[in-house]
**Q** 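Sharing a structure here in structure tokens format.
Within every chain, numbering begins at 1; the chains are lettered A, B, ... in the order of the sequence lines, protein sequences first and strands thereafter.
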Amino acid sequence: MEREVRVRFAPSPTGPLHIGGVRTALYNYLFARKMGGKMLLRIEDTDQNRFVPGAEDYIRQSLEWCGIVLDESPWNEGPHAPYRQSERKPMYMQYALQLVESGHAYYAFDTPEELDAMRARLTAAKVPNPQYNAITRAQMRNSLTLPEDEVKQLLDAGTAYVIRLKVPRKEEVRFNDMIRGWVVVHSSSIDDKVLMKSDGMPTYHLANIVDDHLMEITHVIRGEEWLPSAPLHVLLYRYFGWESTMPQFAHLPLLLKPDGTGKLSKRDGDRLGFPVFPLEWHGTDAETGEPTVSSGYRESGYLPDAFINFLAFLGWNPGSQQELFSMDELIQEFSIERVSKSPARFDQNKVRWYNEQYLRAKPDGELAGYLLESLQAQGQTDVSTEKAEQIAALVKERATFPADLAREAQLFFQRPGSYDEQVVSKKWNAQVAGALAAFAQQLPAATDTSPDAIKALLTQVVEGLGMKLGQVLQALRVAVTGAAAGPDLMAIMSILGVQETAERINVALEQLNSYTAA
RNA sequence: GGUCCGUUCGUCUAGGGGUUAGGACAGUAGAUUUUCAUUCUACCAACAGGGGUUCGAUUCCCCUACGGACUACCA
């Protein structure tokens, strides 16, 4: 019988989730939906020292903004609650003890100082890989080297201890990664990982395996940084006797910094001037304790669909030439097999391009909504929906972000404060001014105020004076908007209205009088 | 240092034993436009290197180089 596909996203609440994490969540989500399975979120907060207030909420909001829907999570519990490892704390010890009893794990009493000393000794002896392992554990203080009664005494006395996995000395550990194929690691390169910490909390490794098993996870899709510890996890499944239901692994390629080398880190955003976080994050500097702000895609004006589309293509592609995919289409097309092995570098140009595509594809009504919102924020409250829609339709081709709409729309609400000097000095003269004056005089009487009609009127006036349209257009634009460039002039005048347009022309005529005389 | 992973245009990538090595972003040029932008068209641009295997390798294998991850009582 086929098991229902169940995947998990397991972030630790140590700060804001960066886009690499979001992509991991996205791929999990796409895979789960594609396979008709479930996706859950589990908070991996077994390190109490690294807990950051607000991080969990940030993760939740980020995923919501992205449109990644969780079937089970700490805030929407399912059959395997609780979904925070700190709340699952009581259940881990029994599993660690199970391993101790079966001889696959042991108690270790070494202090941090002793561990440091051991590493220093091995490093000095030029041991290639200093670690607590099948060889070195014989020199350490643990239940393998100490007499049984002494171990009992230490435990009874409440001495601090950890439980370590007893990794075999010589054994090949292999697993079939869905993205990378067979990965083989020799057990001698794996150390005796701590399973239970002295504070009674499990480490990531133990908690992860126990929870994935209990939560019936079928596929573990996570970042490449976990690849080196995957063989250890395989060992754990084996020793627990859970090998037959061990999840399949898929290790995703890393996301690299746009410049230089190395994986994208939380600090790169501010350094490079683009967001690495989905949402803005207010944190505190680890060293100075000063409040910090890291920019987010949402606040920078990115549309969630565009952001997701872009992110999906960083390390995956459908094999077709199609670039634009809705979430539903992504789900339809997604497959782990098409995830690439090699890391991907971040491309700011492409995210912007995606955003433009998504912005322009939106219905004018929705764009008008964005526009109205920004206008209201700057005190411009008397704009009708109808007018906003006209303006949005006209300026959307010039916008990358919703906020650009309002910027481009300014000319409709503010008369020119100055006139582009280049155009004035080149195009403005007595003849042109005369034509504009004539146009301004006739304009208010126009009954048809469509762009086409205005253009016809203008043509008629200009040609009636023996001139060509091209001679006056730039001057007219400057007179009406003050700028040398902008959206279609006829459309601008139409939206502005004949009265306002005529007045603006007359104001310009007065202001630029000196040029006319010259 | 050790272990593991990776390497096709500047970037994201398709492809795969015989191809003009395809697309997208960026860049450049041209067309359209009253202007800028948009749009359209064209151009530029890549199989890391060396050995094999093969009639033939960018594709399969090995080595080298380069890049990266991991190497905690962090996840």
**Q** Whole Å only: how far is the CG atom of A:L359 from the C1' atom of B:A37?
**A** 14 Å
**Q** Using a 4.0 Å heavy-atom cut-off, does A:K263 contact any base of the nucleic acid, only the sugar-phosphate backbone, or nothing at all?
**A** sugar-phosphate
**Q** Using the ring-ring contact (aromatic ring centres under 6.0 Å, His included) criterion, which residues pair with A:F439? Sequence neighbours excluded.
**A** none
**Q** Got a salt bridge between A:R50 and A:D47, using NZ or NE/NH1/NH2 to carboxylate O under 4.0 Å?
**A** yes
**Q** Can A:R84 and A:E56 be counted as an ion pair, charged N to O under 4.0 angstrom?
**A** yes
**Q** Just compare B:A75, B:A24, B:U34 and give me whichever is closest to any side-chain atom of A:E323.
**A** B:A24
**Q** Is it the case that the ring center of A:F310 lies less than 6.0 angstrom away from the ring center of A:F346?
**A** yes
**Q** To the nearest Å, how far apart are A:K426 NZ and B:U35 P?
**A** 13 Å
**Q** Between B:A24, B:G2, B:C70, which one does the side chain of A:P128 approach most closely?
**A** B:G2
**Q** When you compare B:G22 with B:U32, how far apart are their C1' atoms, in angstrom units rounded to a whole number?
**A** 28 Å
**Q** Rounded off to whole Å, could you give me the CE-to-C1' distance for the A:M93 and B:C73 pair?
**A** 13 Å
**Q** Spell out, as yes or no, whether a donor-acceptor pair under 3.5 Å connects the side chain of A:K197 to the backbone of A:T46.
**A** yes
**Q** CZ of A:R23 versus P of B:C12: gap in Å, rounded?
**A** 12 Å
**Q** Would you kindly give the CZ-to-P distance between A:R352 and B:A37, to the nearest whole Å?
**A** 14 Å
**Q** Taking any strand in view, what nucleotide pairs with B:G27 in a Watson-Crick or G-U wobble way, both distances under 3.5 Å?
**A** B:C43
**Q** Once salt bridge (Lys or Arg N to Asp or Glu O under 4.0 Å) is applied, do any residues pair with A:D45, and if so which ones, sequence neighbours excluded?
**A** none
**Q** Between B:C73, B:C12, B:A75, which nucleotide has the shortest distance from any of its atoms to the side chain of A:A344?
**A** B:C12
**Q** Would you please name every residue forming a ring-ring contact (aromatic ring centres under 6.0 Å, His included) with A:W316, sequence neighbours left out?
**A** A:F313, A:F334
**Q** If you measure from the P atom in B:U7 to the same atom in B:C40, how many Å do you get, rounded?
**A** 33 Å
**Q** Which part of the nucleic acid, if any, lies within contact of A:G315, taking any heavy atom under 4.0 Å across all strands shown: a base, the sugar-phosphate backbone alone, or nothing?
**A** sugar-phosphate
**Q** Who passes ring-ring contact (aromatic ring centres under 6.0 Å, His included) against A:Y92, sequence neighbours left out?
**A** none
**Q** Give the residues of residues 82-90 of chain A touching RNA chain B, defined as any heavy atom closer than 4.0 Å, sorted by residue number.
**A** none
**Q** In the structure shown, which nucleotide is the Watson-Crick or G-U wobble counterpart of B:U7, with both distances under 3.5 Å?
**A** B:A65
**Q** If you measure from the C1' atom in B:U33 to the same atom in B:A37, how many Å do you get, rounded?
**A** 10 Å
**Q** What residue pairs, at least two apart or across chains, pass salt bridge (Lys or Arg N to Asp or Glu O under 4.0 Å) with a residue in residues 106-120 of chain A?
**A** A:E114-A:R141, A:D116-A:R119
**Q** Choosing from B:C73, B:U11, B:G1, which nucleotide comes nearest the side chain of A:V162?
**A** B:C73
**Q** Is it the case that the base of B:U35 and the side chain of A:R477 share a donor-acceptor contact (distance under 3.5 Å, atom types as modelled)?
**A** yes
**Q** Between A:Q422 (CD) and B:U34 (P), how many Å, whole number?
**A** 21 Å
**Q** If a protein heavy atom is under 4.0 Å from the base, mark B; if only from the sugar-phosphate, S; if neither, -; do that for nucleotides 4-9 of chain B going 5' to 3'.
**A** SSSS--
**Q** Measuring only the C1' atom in each nucleotide, how far is B:C47 from B:A14? A whole number of Å is fine.
**A** 13 Å
**Q** Check the distance between B:C74's P and A:L195's CG and give it to me in whole angstrom.
**A** 12 Å
**Q** Could you work out the separation of B:C9 and B:C5 based on their P atoms and round it to a whole Å?
**A** 22 Å
**Q** Between protein and nucleic acid, restricted to nucleotides 25-28 of chain B and to nitrogen or oxygen atoms under 3.5 Å apart, what atom pairs and distances do you find?
**A**
unit_1: B:C25; atom_1: OP1; unit_2: A:W353; atom_2: NE1; d: 3.4

**Q** Using only heavy-atom distances, decide whether a donor-acceptor pair under 3.5 angstrom links the side-chain of A:R398 to the base of B:C36.
**A** yes
**Q** Pick out which of A:N142, A:D192, A:D191 makes a side-chain hydrogen bond (donor to acceptor under 3.5 Å, both in side chains) with A:R137.
**A** A:D192
**Q** Which pairs of donor and acceptor atoms, one on a side chain in residues 459-470 of chain A, lie under 3.5 Å apart (sequence neighbours left out)?
**A**
unit_1: A:T459; atom_1: OG1; unit_2: A:K455; atom_2: O; d: 2.6

**Q** Can you list the residues that meet the ring-ring contact (aromatic ring centres under 6.0 Å, His included) rule with A:H18, with sequence neighbours excluded?
**A** none
**Q** Using a heavy-atom cut-off of under 4.0 Å over every strand shown, decide if A:D488 touches base, sugar-phosphate, or nothing.
**A** base
**Q** Only pairs at least two apart or in different chains count here, so list each side-chain hydrogen bond (donor to acceptor under 3.5 Å, both in side chains) that has a residue in residues 162-176 of chain A.
**A** A:E171-A:R238, A:E172-A:R174
**Q** Output the rounded distance in Å from CD (A:Q471) to P (B:U35).
**A** 15 Å
**Q** Determine the contact category for A:S340: base if any of its heavy atoms lies under 4.0 Å from a base atom, sugar-phosphate if only primed atoms, P, OP1 or OP2 are that close, otherwise nothing.
**A** sugar-phosphate
**Q** For atom C1', what is the distance between B:A65 and B:U28, given to the nearest Å?
**A** 34 Å
**Q** Who is the Watson-Crick or G-U wobble partner of B:C36, with both distances under 3.5 Å?
**A** none
**Q** Looking for any heavy atom pair under 4.0 Å, which part of the strands does A:P487 touch: base, sugar-phosphate only, or nothing?
**A** base
**Q** Would you list the pairs meeting salt bridge (Lys or Arg N to Asp or Glu O under 4.0 Å) in which at least one residue belongs to residues 390-402 of chain A, sequence neighbours left out?
**A** A:D364-A:K396, A:R398-A:E408
**Q** For a quick check of understanding: with a heavy-atom distance under 4.0 Å over all strands, which category does A:S12 fall into, base, sugar-phosphate or nothing?
**A** sugar-phosphate
**Q** Which value, in whole Å, describes the distance between the P atoms of nucleotides B:A57 and B:G49?
**A** 14 Å
**Q** For the C1' atoms, the ones on B:A48 and on B:G23, what distance do you get once it is rounded to whole angstrom?
**A** 23 Å
